[in-house]
Amino acid sequence: EPEVTQTPSHQVTQMGQEVILRCVPISNHLYFYWYRQILGQKVEFLVSFYNNEISEKSEIFDDQFSVERPDGSNFTLKIRSTKLEDSAMYFCASSRDPLWEKLFFGSGTQLSVL
Amino acid sequence: GDSVTQMEGPVTLSEEAFLTINCTYTATGYPSLFWYVQYPGEGLQLLLKATKADDKGSNKGFEATYRKETTSFHLEKGSVQVSDSAVYFCALSDQAQGAQKLVFGQGTRLTINP
């Protein structure tokens with residue numbers, strides 16, 4: 001079965017540094033998402049992306065966050081100046097349509113901000 | 001806003017035991033309901049879903065029935081196996097709001113001992 005690939009699996013960074021989390025969605029998918037899960041808390045929606053623009057974002061997704069699909073295959077999440085509270089598992093997901101018939105998730109990137 | 005509440009974990013059972021993981025939800029519209037599963041080292045995978053009241057989703061021996069009157073979507077399996085050890089997430093998507101996002105519960109870690 002096709003899969004969503006996320007790299008790296010673990011990322012450690014210093015507070016204030018920029019990080020880029022990378023995802024390769026499934027090739028014929030058109031809708032892309034980022035979710036995160038802070039340890040011990042719920043998985044939270046961050047942003048959805050379609051047709052090269054953000055279609056919806058949560059309150060968490062402030063000006064420190066941005067997403068990009070730079071080359072037609074990768075889908076990235078950038079955090080400009082990381083804070084301690086950004087430490088979490090970040091999940092990328094993709095789907096062929098928004099009707100939730102099948103949403104594919106990557107295995108996640110564990111971000112640790114020191 | 002919409003929310004999902006799951007049974008607190010972790011849950012530890014013996015092989016062939018009966019499993020129930022409780023899930024209740026709050027939504028303003030007419031949500032679709034989902035169970036996702038995350039096996040160790042992998043991404044979240046859709047396990048089953050139900051899109052309207054009284055629908056029963058089923059897959060791999062797991063079942064859940066959409067109960068509008070009790071706003072619940074409890075996950076059940078009659079006889080669990082060691083390979084069912086994973087984290088289980090209940091989630092909803094409120095189509096009435098045209099949302100492209102899933103609202104998750106906090107996840108329940110299930111461990112099955114041989």
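Chain identifiers are assigned alphabetically (A, B, ...) following the order of the sequence lines, protein sequences preceding nucleic acid strands; residue numbering begins at 1 within each chain. Just so it is clear, the structure is predicted and the values come from calculations on it, not from any experiment.
- B/Phe89 touches chain A through its side chain: at least one heavy atom from C-beta onward sits under 4.5 Å away, while N, CA, C and O do not.
- A side-chain donor from one of B/Thr108 and B/Gln6 sits under 3.5 Å from a side-chain acceptor of the other.
- A side-chain N or O of A/Ser55 and one of A/Ser48 form a donor-acceptor pair less than 3.5 Å apart.
- Note on A/Val47: it clusters hydrophobically with A/Ile79, by side-chain heavy-atom contacts below 4.5 Å among ILVMFWY residues.
- In this structure, the portion of A/Gln37 lying under 4.5 Å from any heavy atom of chain B is its side chain and not its backbone.
- Using a 4.5 Å cut-off between heavy atoms, B/Val103 does not touch chain A at all.
- In this structure, chain A has a heavy atom under 4.5 Å from the backbone of B/Glu42, while its side chain stays farther away.
- One finds no salt bridge joining A/Lys78 and A/Glu68 here, because no Lys/Arg side-chain nitrogen approaches an Asp/Glu carboxylate oxygen to under 4.0 Å.
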